[in-house]
Structure formats: structure tokens, C-alpha cells
Amino acid sequence: MSAAPTWQACAGCGAEIPETDPHARCPHCRGLLEVRHRAPALSGNALRATFDARLGVRRGILASGVWRFAEAVLPTAAAQALSYPEGNTPLLASPAVAAWAGCGELLLKHEGHNPTGSFKDRGMTVGVTQARRIGAQAVACASTGNTAAALAAYAALAGLAALVIVPKGQVATGKLAQALAYGARTLLVRGSFDDCLELVDQASERLGVYLLNSVNPFRLEGQKTIVLELLQQLGWEPPDWIVVPAGNLGNTAAFGKALAEACAWGLIDRTPRLAAVQADGAAPFALSFREGFVRPHRVVPRTVATAINIGNPVSYERAARAVRETNGVVTAVSDAEILEAKAVVDGAGIGCEPASAAAAAGVRRLIAEGVIRPGERAVAVLTGHVLKDPEAITQYHQRLEPPPARANRPVEIEARLEEVERVIVEDRDLARVR
Ligand code: F0G
């Protein structure tokens, strides 16, 4: 295997299997697989220069914010890659959000700017490319919504049949709408996301459909580029912290791998610390962290942030390693903190879905606890677009008891000019224009 530039290795039993082996888990022990690469021929300055030289590319595969980093993602597949393109998401500075969080140097990596509105597109371009390479006819996932949307879109681009399995009543409207619109066969399961994941794991094996949950190691290779791209946007000068919302822990694991490789290949000379943020009501990983990662926990999850409403995260081991290796932390924030953070990010004109706002709430919490110190630079990853979950917004702004502090209540009026005038006079900001 070592002669090949890329291969797969089992995190459980250590078995090595070829890059194009179609199993989603280790064929020997059913452990999670990892993609391994030999170090690229170039390293350090030369590798950075290779990636930087592609920044102006507008067409073809290198215009993708994933495949621009092909040497670090899947070097042997770039020629066959199926790309939207995706990535190239902005790294935003918002004085309003930074001031609210109490972090002078806070940047927001907005993954909601991907083609289907979440970071999942970065993993899916690689996952669906791999599906085609191994000759799969159909692809499947369990999802809290965003993976389903991305899988449905990329499967449609590739001409593959798609099956998505989601928990009924627990998927935000925008995401369910996308899965249906892009044409995936959609199963609404009377159960939780964790039930859906078990179901699709079994179904994919029994029925021979290619599993594209973050169990699939090729997804994580794509998601690594969130980190590579933000490092590139910072001129390869690493921030002190990278803060990410955590559910099934695929991203946390992918970020750890990206940082380990970036260090080993000389792209950066020190490692940022990872902060994974969960919702209080779905915080098995935070629980394990507090106990020094002696064991995984399983909880019955309940949070307003449906994307991370997950009780039994599949990438526990590899995410724990990522946190350990980066001297990272795991924290949890309440639904009220998530909704306040979301109102701040939304009100700054940036906008994100509730799970993404957990990252901003996490920064505020870690600053208050003195974990992130004043003067340290943090990048928070906003994982999904504001329009993914419209109900979360209308419910927040129209809630009466108690009305949230940042509620922007719509006002219903008759179709008369005096009524419009009355509203303008009463509104502090609008009154100033008179
Ligand atoms: N943020 C958003 C918007 C998500 O959709 C997800 C996960 C996460 C954060 C957490 O990332 O699972 O890698 O720790 N969504 C998955 C899905 C579970 O099915 O769309 P993670």
C-alpha cells in the first residue's frame, strides 16, 4: 500500500485497504476508515505557492475551493472530479459580532456561501467523485438536513440515484425542500437522527448503495479544505483558535486532520487550537471532554439547533484525537445563547442558521471563561446559510412570552398611509429620517 500515493487505513484494527475499495467501513472489523496520503512532492513555501497560484483560476476544476487543494484532498481523483464548483467562501470581519462576543480579533468563515448553503458541499464533491470512481449506482445518507441537501444536489449533477433518510419533523424547512427539489428519494423516519444513521448504515451494506455520511472518509477529505482555505485567506498565518459547531463530529475530525497535515507538510508552523461547540441539550462530546475523554457518551438530544441535534456522534474517536492533538477544548452553550448569537449575526447583515450561531456563542462563552484570551485571534465557522431554517427566525422574532431581547417584531396594519406614518414616528431609527 505504501507505494500508492493514497490509501485507506482502519482506525480500529489498522488494516490498510486500497483507495478505491468500495467499503464505507473497514471490511475486517467495521471500524472507521481514514484516507492517508503520502506527503506531496512539494512542501512548505513551494506547496503554498502552488495553492496560491490557483487563486485566480476561474474555470475548470481548480476554480473549486476544494480541488484547488487537490494534493491534500485526493490527488489521484482531481481529473475525474465532479465539482459545482464549491468553497471559495468569505472570511468576514464583523465589528458588531466581535464586540458582542468580546473578541477583538474575530473572523467568520461563512460556509453558508456554498452552492447548497452549507459546508457539506465540500465533502460531497469528494464523496460523489469517489462514488463514481468505484462505479456506485446509488448514494445514501442519514441527515439532520444539510447533508441530505448536498447529497441530493451532487447526486443529481452526477446522474446517480439518491436516498436520504431524515428524522420526521426535525429537519429545517429549507433543507427538506432542497432534498425534494433536487430529486432525492426522501424517507421521513419516525425516530431520531441517530436512528436514521443506524438504519442507513445497515441499509447501505445490505442493499449495496454507497454510504455518504461522514462515516465515509472521503467526505472528511473535502471538509478539510475549510481549514486550508481559511489559512490561505490569512496568508498562511494561523489564527490562535478555530471554533466550530459540533454534532456528528465529522468537521471536528476533519479539522484536526487538516491541521496535522498542514503542519507536517510545512504549510503552517504552529497549530491553532480547536474549540468544538455543542448545544447543552445535545452535548455528549462536551461531557466526554470534561471527563478527559475516558469514554464516549450517548444522550437523548434536544436543541433548537436541529442540525446538531445528535446524541451519539459517529466520529467520536477521531474528533477526540483532533481536540487532544490541537490542545483544544469542547464546550456547550444553551439554546438561549445560540438564539441570541444568531440574532446578533443575523442583525449584522451576515446571517446563519442556528447550529452555526453556536460557534459565535461558543466564542463569547470561551472569552468570558478566560479560555480564549483578549488579543487572541479566533475564526468561527458559520456552517450554514440563514435561509436554511426560516421557522427559527420567524418564531424568534414573533415570540411574545417572553419577547426575546433582540426580537424584530413585524407590525400588521391596514392599507392606509397614516398607519405607515404612525409606525415611522414610533420607530427610533426610522424617525431620524424625517
Ligand atoms: N452545522 C451545520 C449547519 C450542520 O448541518 C452540521 C451537521 C453541523 C454544524 C455539525 O457538523 O456533524 O460534522 O459535527 N449536519 C449533519 C447533517 C449531521 O446531516 O447535515 P458535524
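Just so it is clear, the structure is predicted and the values come from calculations on it, not from any experiment. Order of appearance sets the numbers: ligands from 1, and atoms from 1 within every ligand. Atoms considered below: every heavy atom in the structure, side chains included; atoms not considered: hydrogens, waters and symmetry mates.
- Listed by atom number, the atoms of ligand 1 under 4.0 Å from N251 heavy atoms are 13 (O).
- No hydrogens or angles considered: a donor-acceptor pair under 3.5 Å links the side chains of T76 and E19.
- Among all protein heavy atoms, the one lying closest to atom 4 (C) of ligand 1 is A307 CB, 3.5 Å.
- Annotation for ligand 1: atoms under 4.0 Å from non-hydrogen atoms of S143 are 17 (C), 19 (O), 20 (O).
- Side-chain N/O atoms of S334 and D280 include no donor and acceptor closer than 3.5 Å.
- Under the 3.5 Å distance criterion, with hydrogens and angles disregarded, no donor-acceptor pair is assigned to the side chains of Q202 and R206.
- Checked by distance only, ligand 1 and K120 come closer than 3.5 Å through their nitrogen or oxygen atoms.
- Within the structure, no pair that satisfies the side-chain hydrogen bond (donor to acceptor under 3.5 Å, both in side chains) test touches residues 395-407, not counting sequence neighbours.
- Of all the atoms in ligand 1, the ones that sit under 4.0 Å from a non-hydrogen atom of N146 are 2 (C), 3 (C), 4 (C), 5 (O), 20 (O).
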### Task
Take E337 and R364 through the test salt bridge (Lys or Arg N to Asp or Glu O under 4.0 Å) and record every step on the way to the result.
CA-CA 9 Å; E337 288 172 278; R364 187 170 201 247; over 6 Å; no
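- Protein heavy atom nearest atom 11 (O) of ligand 1, with residue, atom name and distance: F119 CZ, 3.7 Å.
- Of the protein's non-hydrogen atoms, the one nearest atom 12 (O) of ligand 1 is N248 N, 2.8 Å.
- Set against the non-hydrogen atoms of A355, the atoms of ligand 1 under 4.0 Å away are 1 (N).
- By the 4.0 Å N-to-carboxylate-O rule, E317 lies too far from R321 to be salt-bridged with it.
- With ligand atoms numbered from 1 in the order given, ligand 1 contributes 15 (N), 16 (C), 17 (C), 18 (C), 19 (O), 20 (O) to contacts under 4.0 Å with heavy atoms of T144.
- Counting only heavy atoms from C-beta outward, the side chains of V189 and K168 never approach each other to under 4.5 Å.
- For R409, the CZ atom counts as densely surrounded, since its 6.0 Å shell holds more than 12 non-hydrogen atoms of other residues, nucleotides or ligands.
- Taking distance alone, with nitrogen or oxygen atoms compared against 3.5 Å, T147 approaches ligand 1 more closely than that limit.
- Polar contact with ligand 1: absent for E353 (N/O pair, distance under 3.5 Å).
- A heavy-atom separation below 4.0 Å is found between A246 and ligand 1.
- Between I310 and ligand 1 there is a heavy-atom distance shorter than 4.0 Å.
- The shortest N or O to N or O distance between G250 and ligand 1 is under 3.5 Å.
- The ring-ring contact (aromatic ring centres under 6.0 Å, His included) pairs that include a residue from residues 106-146 are H110-H113, where partners are two or more places apart or lie in different chains.
- One option in T383, V381, I308 has a heavy atom closer to atom 8 (C) of ligand 1 than any other, and that option is I308.
- Using a cut-off of 4.0 Å between Lys/Arg side-chain N and Asp/Glu carboxylate O, D240 and R270 are scored as salt-bridged.
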